[in-house]
Amino acid sequence: MGDKRKDYISWDEYFMGIATLSGMRSKDPNTQVGACIVSQDNKILSMGYNGLPRGCSDDEFPWNRDGEDNKYFYTTHSELNAILNYRGGSLDNAKLYVTLFPCNECAKAIIQAGIKTVVYDCDKYADTASVIASKRMLNAAGVRYYKYERTGRTITIEL
Ligand SMILES: [Zn+2]
């Protein structure tokens, strides 16, 4: 009997990899965030990235960050998109992988959707009011969150 492969990717690498790949779909010139929702038994339920709602053209709506008309009026974050993209029923007890710590608005959606665990990669806005409020709500609601531990593995995929 042969031994099994040893260099297969872990569940965390797999799902954070999918979240990262999803973020690469974003048209936002400044921020690309991806999310992947998985069940308790490690089945992928949904994916999302930051972008415009269906029917709102990527070429007609603004991508600039300031000015009277800017992207913040129109774009949906990856976590909310992943939640809204799911049509299978309940997300109770699901786990969310996301490349950037969720903002306060996404935290509300995560809590209300029943997601119980958040695995994030980057937390570069930890000092902002939005992320402080986000953590306050996640803590109060009993949503566990922890930082993804990078393994240093580089994966090249030829497409
Ligand atoms: Zn958000």
Side-chain angles (χ1 to χ4, degrees), residues 9-54 56 61-67 70-155:
I9 59 173
S10 69
W11 286 120
D12 271 5
E13 287 175 316
Y14 182 33
F15 300 136
M16 192 55 84
I18 294 202
T20 303
L21 209 51
S22 301
M24 294 170 87
R25 282 279 310 152
S26 178
K27 319 301 182 305
D28 191 316
N30 299 110
T31 310
Q32 301 84 38
V33 182
C36 174
I37 302 176
V38 303
S39 67
Q40 282 176 298
D41 57 347
N42 293 323
K43 290 188 179 114
I44 294 169
L45 302 175
S46 190
M47 275 94 86
Y49 54 88
N50 56 308
L52 296 165
R54 266 193 287 275
C56 300
F61 283 77
W63 287 108
N64 48 294
R65 291 181 287 190
D66 19 59
N70 60 63
K71 69 172 182 178
Y72 299 109
F73 288 115
Y74 308 108
T75 50
T76 304
H77 286 175
S78 67
E79 306 92 306
L80 185 58
N81 266 332
I83 290 168
L84 296 173
N85 286 339
Y86 183 60
R87 298 299 167 86
S90 172
L91 289 174
D92 270 332
N93 300 311
K95 205 166 169 178
L96 174 92
Y97 287 78
V98 61
T99 57
L100 180 64
F101 199 95
C103 74
N104 62 306
E105 290 298 330
C106 289
K108 297 175 196 174
I110 288 164
I111 293 164
Q112 295 301 74
I115 292 167
K116 287 290 181 307
T117 310
V118 173
V119 186
Y120 61 94
D121 184 24
C122 175
D123 192 14
K124 64 178 173 180
Y125 299 120
D127 294 336
T128 65
S130 166
V131 171
I132 291 167
S134 172
K135 286 175 182 167
R136 185 177 173 186
M137 286 187 280
L138 294 172
N139 289 337
V143 176
R144 193 170 76 99
Y145 51 85
Y146 64 89
K147 187 166 171 55
Y148 171 72
E149 276 186 45
R150 289 198 181 190
T151 61
R153 187 198 295 269
T154 302
I155 296 173

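Because the structure is predicted, anything quoted here is derived from the model rather than measured.
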Exercise. How long is the span from the OH atom in Tyr49 to the NZ atom in Lys27, to the nearest 0.5 Å?
Worked result: 4.0 Å

Seminar exercise, completed: For Pro29 and Trp63 the tightest heavy-atom approach is CD-CB, 3.6 Å

For this session: Drop me the distance from Arg153's CZ to Ile9's CD1, to the nearest 0.5 angstrom.
Result: 7.0 Å

Problem set entry | side-chain contact (heavy atoms from CB on, under 4.5 Å) assessment of Met47 paired with Asn85 | CA-CA 7 Å; Met47 275 94 86; Asn85 286 339; 6.0 Å; no

Exercise. Just wondering, more than 12 heavy atoms not from Tyr14 lying within 6.0 Å of its OH?
Worked result: no

Exercise. From Gln32 CD over to Ser78 OG, what is the distance, rounded to the nearest 0.5 angstrom?
Worked result: 11.5 Å

Exercise. How many angstroms lie between OG1 in Thr117 and CD in Gln40, if you round to the nearest 0.5 Å?
Worked result: 8.0 Å

Exercise. Just checking, any donor-acceptor pair under 3.5 angstrom between side chains of Ser10 and Asp12?
Worked result: no

Exercise. Would you say Asp123 and Lys147 make side-chain contact, with heavy atoms under 4.5 Å?
Worked result: no

Exercise. Does a salt bridge link Lys71 with Asp28, judged by any charged N lying under 4.0 Å from a carboxylate O?
Worked result: yes

Problem set entry | Minimum heavy-atom distance between Ser134 and Cys103, given as atom pair plus value | OG-O, 3.6 Å

Problem set entry | Nearest atoms (heavy-atom pairs only) where Val33 meets Asn50 | N-OD1, 2.9 Å

Problem set entry | Closest heavy-atom pair and its distance - Cys106, Leu80 | SG-N, 4.1 Å

Exercise. With a 4.5 Å heavy-atom cut-off, do Asn104 and Ser130 have their side chains touching?
Worked result: yes

Exercise. side-chain contact (heavy atoms from CB on, under 4.5 Å) between Tyr145 and Asn139: does it pass, once the steps are laid out?
Worked result: CA-CA 9 Å; Tyr145 51 85; Asn139 289 337; 3.0 Å; yes

For this session: Carefully, step by step, assess Thr20 and Asp121 under the rule side-chain contact (heavy atoms from CB on, under 4.5 Å).
Result: CA-CA 10 Å; Thr20 303; Asp121 184 24; 5.8 Å; no

Problem set entry | Separation between CD1 of Ile132 and CZ of Arg136, rounded to the nearest 0.5 Å | 11.0 Å

For this session: Would you name the heavy atoms of Glu13 and Thr151 that are closest together and state the gap between them?
Result: OE2-OG1, 2.6 Å

For this session: Would you check if the side chain of Ser46 reaches a backbone N or O of Ala82 as a donor-acceptor pair within less than 3.5 Å?
Result: yes

Problem set entry | Val38 vs Tyr97 side-chain heavy atoms within contact, under 4.5 Å | yes

Problem set entry | Leu138 CG to Ile111 CD1 distance, which is reported to the nearest 0.5 Å | 5.0 Å

Problem set entry | Non-hydrogen atoms of Met137 and Ala107 that approach each other most closely | CE-CB, 4.3 Å

Exercise. Does Lys135 make a cation-pi contact with Phe101, if we ask for NZ or CZ under 6.0 Å from the ring centre and within 45° of the axis?
Worked result: yes

For this session: Tell me, yes or no, whether the heavy-atom count around Asp127 atom CG, taken from other residues, nucleotides or ligands under 6.0 Å, exceeds 12.
Result: no

Problem set entry | Over 12 foreign heavy atoms within 6.0 Å of OH, Tyr125 | no

For this session: For the residue pair Phe15 and Trp11, categorise the inter-ring angle as parallel (less than 30°), tilted (30 to 60°) or perpendicular (more than 60°).
Result: parallel

